[in-house]
Protein chains: 4
Amino acid sequence: MSDVGGIAAERLRSFVERIERLEEEKAALAADIREVFAEAKGSGFDTKIMRQVIKLRKMDRADVEEQETLLDLYCRALGMREPEKAAADD
Amino acid sequence: MSDVGGIAAERLRSFVERIERLEEEKAALAADIREVFAEAKGSGFDTKIMRQVIKLRKMDRADVEEQETLLDLYCRALGMREPEKAAADD
Amino acid sequence: MSDVGGIAAERLRSFVERIERLEEEKAALAADIREVFAEAKGSGFDTKIMRQVIKLRKMDRADVEEQETLLDLYCRALGMREPEKAAADD
Amino acid sequence: MSDVGGIAAERLRSFVERIERLEEEKAALAADIREVFAEAKGSGFDTKIMRQVIKLRKMDRADVEEQETLLDLYCRALGMREPEKAAADD
DNA sequence: AACGTTGAAATAGTTC
DNA sequence: GAACTATTTCAACGTT
């Protein structure tokens, strides 16, 4: 007796509950990550920069270069000083 | 013609400047909104609650009748109360 | 001690690596969830609707009874129907 | 007769409606901006990079340098090659 | 005035 | 590859 409105109710319920369980675990991990960031902040690190670093570590070197070349190109097209030079020369 | 490194510089500049202009206007409106909230607060209203009311009124407008039948079916299959009906207009 | 340019490098590395590990686990869970959806889809369920159901069930749980009295008051002041009551438990 | 439940209803309504009007205009501008980006995309520009450029133009030169110095510092602390060099040398 | 909290904007990912 | 959804990031607000 597991049909409600033509739907295999038990089957559906099982799927939904499995997903909900996994999402709970996922949310818990997200909370953990937030905590680590908070701890890092408490130790004086700049979390925004940390996020950038982590993103960079995840990206392929190739992607990074591609993006930077394009950014540079657009900046020059607009007559801006390329940002890449800023940090280099001090 | 104005190519910088293969980029149609004038075209790009035009897009960028149009966007920047629009964003300025948008920022000005945001400032106006903040002002109104401040004034309301000065008159003794609770701005947090006001925000909730405004959100509710917006949700009211954005009618959520979409796919209601099927959604309803699935909800019953899971033994949930069907979500509050559009209720207003029928 | 491990200072690079005034930065506690070891400390930073530890934070970054902890985060990266947690994000890996999180990504693995996301993959699991996708799998379950795929399986459900293979069983003939409409995953888009399933997502809506799951969202609804989550909203149900997150009880919105907060500040209800005052909110209600403001709503009546504006001639709105008061938002659907928590309804379940009274 | 403008008190409902002790609230100066007319006053409140006025505030709420002013805000709603302003938010409508703001939403319209957001739509305009999206349109311009879409048009730019249609002309072959990379909108993600455009957004970066616009952000750079908005930031003070000082802020840009500060962020980049810090990013560089963190990267070196982690033994990464500084990303700023990537685009320069090809 | 820094902190956490919340809400909006932007980016990434998925589906068709 | 276009549209939709979900996640992530960023900015504003109130709070302490």
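The sequence lines fix the lettering, A, B, ..., with proteins before strands; numbering per chain opens at 1. Heavy-atom basis, side chains included; hydrogens, waters and symmetry copies ignored. Everything numeric in this text was worked out from a predicted model, so none of it was measured.
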Check your understanding: Does the side-chain contact (heavy atoms from CB on, under 4.5 Å) test come out yes or no for A/Asp32 and A/Glu35, once each step is laid out?
Key -> CA-CA 5 Å; A/Asp32 290 348; A/Glu35 254 185 79; 4.2 Å; yes
Check your understanding: Does C/Glu25 come within less than 4.0 Å of C/Arg21, counting only side-chain N to carboxylate O?
Key -> no
Check your understanding: Over how many whole Å does the gap from C/Met50 atom CE to F/dT5 atom C1' extend?
Key -> 16 Å
Exercise for review: Give one of base, sugar-phosphate or nothing for C/Lys41, where a contact means two heavy atoms less than 4.0 Å apart.
Suggested key: sugar-phosphate
Study note, to complete from the structure: Rounded to whole Å, the CG-C1' distance (A/Leu22 to F/dA6) equals 16 Å
Check your understanding: Between C/Thr47 and E/dT15, is there a side-chain N or O to OP1/OP2 distance below 4.0 Å?
Key -> no
Practice item. Give the rounded distance in Å between these two atoms: CG of A/Leu56 and C1' of F/dT9. Key: 15 Å
Point to revise | Residue pair A/Gln67, A/Leu70: steps toward the side-chain contact (heavy atoms from CB on, under 4.5 Å) verdict | key: CA-CA 5 Å; A/Gln67 281 215 358; A/Leu70 201 48; 5.9 Å; no
Exercise for review: Would you kindly give the CD-to-P distance between B/Gln52 and E/dT5, to the nearest whole Å?
Suggested key: 17 Å
Look for any protein N or O under 3.5 Å of an N or O in nucleotides 12-14 of chain E and output each such pair with its distance, or none.
{"residue": "E/dA12", "atom": "OP1", "partner": "D/Lys48", "partner atom": "NZ", "Å": "3.0"}
{"residue": "E/dA12", "atom": "OP2", "partner": "D/Lys48", "partner atom": "NZ", "Å": "3.0"}
{"residue": "E/dT14", "atom": "OP1", "partner": "C/Arg34", "partner atom": "NE", "Å": "2.6"}
{"residue": "E/dT14", "atom": "OP1", "partner": "C/Arg34", "partner atom": "NH1", "Å": "3.4"}
{"residue": "E/dT14", "atom": "OP1", "partner": "C/Arg34", "partner atom": "NH2", "Å": "3.2"}

**Study point:** Non-hydrogen side-chain atoms of C/Phe15 and C/Arg11 separated by less than 4.5 Å
**Key:** yes
Check your understanding: Does D/Tyr74 reach the main-chain N or O of A/Asp46 with its side chain, forming a donor-acceptor pair under 3.5 Å?
Key -> yes
Point to revise | Between C1' of F/dT8 and CG of A/Leu29, the distance in whole Å | key: 16 Å
Point to revise | Rounded distance in Å - CD1 (A/Ile19) to C1' (F/dA6) | key: 14 Å
Review point. Separation of B/Glu35 atom CD from F/dA12 atom P, in whole Å?
Key: 15 Å
Review point. Within this structure, what is the CZ-to-C1' distance between C/Phe45 and E/dT15, rounded to whole angstrom?
Key: 20 Å
Exercise for review: Could you give me the CA-CA distance, side-chain angles and deciding distance for D/Glu66 and D/Asp60, then say whether side-chain contact (heavy atoms from CB on, under 4.5 Å) is met?
Suggested key: CA-CA 10 Å; D/Glu66 191 185 346; D/Asp60 273 5; over 6 Å; no
Practice item. Report yes if at least one side-chain N or O of D/Lys26 is closer than 4.0 Å to OP1 or OP2 of E/dA9; otherwise report no. Key: yes
Check your understanding: In terms of side-chain geometry, is the basic nitrogen of B/Arg18 or D/Glu39 positioned less than 4.0 Å from the acidic oxygen of its partner?
Key -> yes
Revision key, fill the gap. Comparing B/Phe37 with A/Glu23, nearest DNA chain F nucleotide closer to 5' gives the residue A/Glu23
